[in-house]
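Protein chains get the first letters and strands the later ones, always in sequence-line order, with residue 1 at the start of each. Quick caveat, the model's predicted, so the values are computed rather than measured.
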4 protein chains.
Amino acid sequence: MPATPLRKDAARNRRQILQTARAMVDAGATLQLNAVAREADVGVGTVYRHFPTPEALLAALAEERFEAMIAEVRRGVTAPDVRAALHTFLDHALTAYVEDEAFAAEALGPAPTTERTRELRDELVGMIRDLLARAVSEGVLRPGIDAPDLLVLLCGVAYAVKNSPYPDDPAVATRYLKALLNGVLATDAA
Amino acid sequence: MPATPLRKDAARNRRQILQTARAMVDAGATLQLNAVAREADVGVGTVYRHFPTPEALLAALAEERFEAMIAEVRRGVTAPDVRAALHTFLDHALTAYVEDEAFAAEALGPAPTTERTRELRDELVGMIRDLLARAVSEGVLRPGIDAPDLLVLLCGVAYAVKNSPYPDDPAVATRYLKALLNGVLATDAA
Amino acid sequence: MPATPLRKDAARNRRQILQTARAMVDAGATLQLNAVAREADVGVGTVYRHFPTPEALLAALAEERFEAMIAEVRRGVTAPDVRAALHTFLDHALTAYVEDEAFAAEALGPAPTTERTRELRDELVGMIRDLLARAVSEGVLRPGIDAPDLLVLLCGVAYAVKNSPYPDDPAVATRYLKALLNGVLATDAA
Amino acid sequence: MPATPLRKDAARNRRQILQTARAMVDAGATLQLNAVAREADVGVGTVYRHFPTPEALLAALAEERFEAMIAEVRRGVTAPDVRAALHTFLDHALTAYVEDEAFAAEALGPAPTTERTRELRDELVGMIRDLLARAVSEGVLRPGIDAPDLLVLLCGVAYAVKNSPYPDDPAVATRYLKALLNGVLATDAA
DNA sequence: CATGAATGAGCATTCATTCAT
DNA sequence: AATGAATGAATGCTCATTCAT
């Protein structure tokens, strides 16, 4: 809800920039505003106008993901089967982290770059907190790990997936997630 | 075992460079050969002669760590209590990953930068394989996760620790490691 | 006397632009048409329409000053006391130069940017010439310095005032002007 | 007296840079380090190494001039004929200001950019103070204008010379200086 | 072998000006 | 006539790497 709805051409440029940036980020490149401009076939100045810093662009990229995830967790909180909801969420979150560097960066760290991002993240964390609370109270989840912990652990797993020695094995993510869920030990350690 | 044992001054330089680099890496900086040279009070060219690329320097930094770890795992393989040996190893490995960016980078990824590093890593992985095999056969460890997997998962946990929202809590590492060991679910998931 | 008298809103814009520009110049900033537009709360294009170049804007700013000064000199030419008139003029001119960068720029240099400015300047110089002529003929002024010379010398004194090592001393302008009037030597040099 | 005497090639580069910069400044351009590098046929980095900022380069340019001037004033202080010494100094100083923008900038303003420049300027001002003191005590100079005043006034005259409406008249400088020395009025004003 | 000056590609950023809306 | 988004040339600066000394 921008104060002034973007002019048509401005909107097209913005879209193009975001699209290009998304592609670059997904390709693993670090965002260089100049490069984005070149790829997006847009003047440098235009990129700078829309996104004064690389961070702002990254943040914009992350927003959609945040919104989708929030919607999903919201559904999960009230779903009949918490365990299933939790699974689905963890699964999707892991995928998001693995696929989307921009989102992972923004969802972590004490420095959400944008006011908007910060709000979104807080909202997401809040929702997850509720989901976890329910899961714990229903005996599905061990206590001791809170929402921020879980997010960052998931991020860690994503990191592992991305650096896995079996990069072409499609089951890696599932396997690693399962390790986190069930643990690697056969019986509990102190 | 270099063909020609280093001249005394050359050796001193090498040592100085490594020391400085270690300090810089530990301080979280990305290694800039120029900066290392300045700090180490040595000409840029000297650094380049000893370590043609930043990676080579990083690799050299990682070697000690590899050697220490190999020694430890070797002891663990034949220790009476596998579970304890496994714990100690995981604990130390996590610490190593958290503390030593250089080592983590080298222990991972399909591209050990040095012949020497590659050998060391292979040796380490071999030893861990043995340790894990024993642990699985004694029912301590769930099957399904092999040595490379475990290493990368640990790396993921280290990543989580380093990005934890509770950066000043000294128990974070333990808590996260425990999550990996025991899992986060109360009862096994499919 | 524009061919078509400005539309009411156009006039308001013009006024606003001039006002803003005046403030910025007085604040010592170099005129950036973009900045003027922003401050004046007007589109860039509007500024460009009214004043195609920074110089044109500066020139417009200078015009008022020219007019005031011309009026004053005109009075001085026929005043009973040439010496007093001359003093007043020099004093005011110095103040104008010191206070108004825009005016100083326009009053100098072989390139008055606007036809209008050029006319005004020529008119001013003409009047001053008359004043000086009278002053010389009445023995008030040494010969050898003509109107353009005097103007540029005054500008030099203004430059000195603006760069004075005693920037907070309100008497600096008077002191420096006096130096120009009476000279710094006790007795004439060759 | 640099700690380490410059290497031969470094010295050559430095000289080249200074030479080029001098030419550019004399041509009235504002110093752009990149441009200097191009003209001097030297890498940008080289220029930056020698002179981290445009100001540093300007300052270096100014130093020679300072030294020459200091030497001259020193001679003048003890010369038998103060009046003549004063004249010579004023004449040369005016020339320096007119010819050398870099020097003028550095000799003025509360911000001598280099420690070295600052020292030189202070030394110069000190010497001039002595010269003026002698001139006043011998009745050659009117009191009321001190050394910093005189310098800045001279700078003003230089400014006038440079902006003179008679740019090709070689006598302009003399005429304007004379105006400052003897004043423009025939008899003293209050 | 060591040195550190030189290099210049590379990236970031600004701002005067144009032109579609 | 007004707007302001778009443009991209211009400029500033850094830093990895080479190579003369």
Side-chain angles (χ1 to χ4, degrees), chain A residues 4 6-14 16-17 30-38 40-50 52-54, chain B residues 4 6-14 16-17 30-38 40-50 52-54, chain C residues 4 6-14 16-17 30-38 40-50 52-54, chain D residues 4 6-14 16-17 30-38 40-50 52-54:
Chain A
T4 317
L6 243 33
R7 245 169 52 180
K8 202 142 80 271
D9 56 342
R12 206 202 48 234
N13 279 336
R14 189 168 209 278
Q16 236 161 47
I17 292 169
T30 61
L31 271 195
Q32 304 181 184
L33 259 29
N34 265 9
V36 172
R38 199 179 330 110
D41 217 54
V42 163
V44 223
T46 306
V47 176
Y48 271 83
R49 161 185 295 272
H50 285 285
T53 66
Chain B
T4 318
L6 245 34
R7 255 171 46 179
K8 222 178 24 284
D9 56 342
R12 208 206 43 235
N13 280 337
R14 189 168 208 279
Q16 235 159 47
I17 292 169
T30 61
L31 272 194
Q32 305 185 187
L33 258 30
N34 260 359
V36 173
R38 199 180 330 111
D41 218 54
V42 165
V44 224
T46 306
V47 176
Y48 270 83
R49 159 176 308 271
H50 285 285
T53 66
Chain C
T4 317
L6 245 31
R7 256 170 47 178
K8 219 173 32 286
D9 57 343
R12 207 204 47 234
N13 279 339
R14 189 167 208 282
Q16 235 159 44
I17 293 169
T30 61
L31 269 196
Q32 306 185 185
L33 257 31
N34 260 357
V36 173
R38 198 178 332 110
D41 219 54
V42 165
V44 223
T46 306
V47 176
Y48 271 83
R49 159 177 309 271
H50 286 284
T53 65
Chain D
T4 316
L6 243 33
R7 246 170 52 179
K8 207 147 71 270
D9 56 343
R12 206 203 47 234
N13 279 335
R14 189 169 208 279
Q16 235 160 48
I17 292 169
T30 60
L31 271 194
Q32 306 183 183
L33 259 29
N34 266 9
V36 173
R38 200 178 330 110
D41 217 55
V42 163
V44 223
T46 306
V47 176
Y48 272 85
R49 161 185 297 272
H50 285 285
T53 66

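Nucleotide F:dT14 holds its P atom 12 Å from the CZ atom of B:Arg38, rounded to whole Å. Summarising the geometry, the separation between CG on C:Asn13 and P on F:dA2 is reported as 6 Å, rounded to the nearest angstrom. When rounded to the nearest whole Å, the span between CZ of C:Arg14 and P of F:dA1 equals 13 Å. Rounded to a whole Å, the CD atom of B:Gln16 is 14 Å from the C1' atom of E:dT3. Atoms NE2 (D:His50) and P (F:dC13) sit 17 Å apart, rounded to a whole Å.
Contact between the side-chain N/O atoms of D:Thr46 and the OP1/OP2 oxygens of E:dA5 is not found at any separation under 4.0 Å.
Under the side chain to side chain contact (heavy atoms under 4.5 Å, CB included) rule, A:Asn13 has a single partner from A:Val47, A:Val42, A:Asp41, which is A:Val42. For the side chain to side chain contact (heavy atoms under 4.5 Å, CB included) with A:Pro54, the lone residue among A:Leu33, A:Thr30, A:Val36 that qualifies is A:Leu33.
In this structure, of E:dA6, F:dA1, F:dA6, it is F:dA1 that holds the atom nearest to the side chain of C:Arg49. Nearest nucleotide to the side chain of C:Val42, out of F:dA6, E:dA2, F:dT3: F:dT3.
Evaluation of the side chain to side chain contact (heavy atoms under 4.5 Å, CB included) rule for C:Asn34 yields C:Val44 as partners, not counting sequence neighbours.
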What string of B, S and - do you get for nucleotides 16-21 of chain E, 5' to 3', if B is base contact, S is sugar-phosphate-only contact and - is no contact with any protein heavy atom under 4.0 Å? BBB---

Give the dot-bracket string for DNA chain E, reading 5' to 3', where a pair is Watson-Crick or G-U wobble with both distances under 3.5 Å, ( ) marks pairs inside the strand, [ ] marks pairs crossing earlier ones, | marks a partner on another strand, and . marks unpaired. .||||||||||||||||||||

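E:dC1 and F:dT21: their P atoms are spaced 22 Å apart (whole Å).
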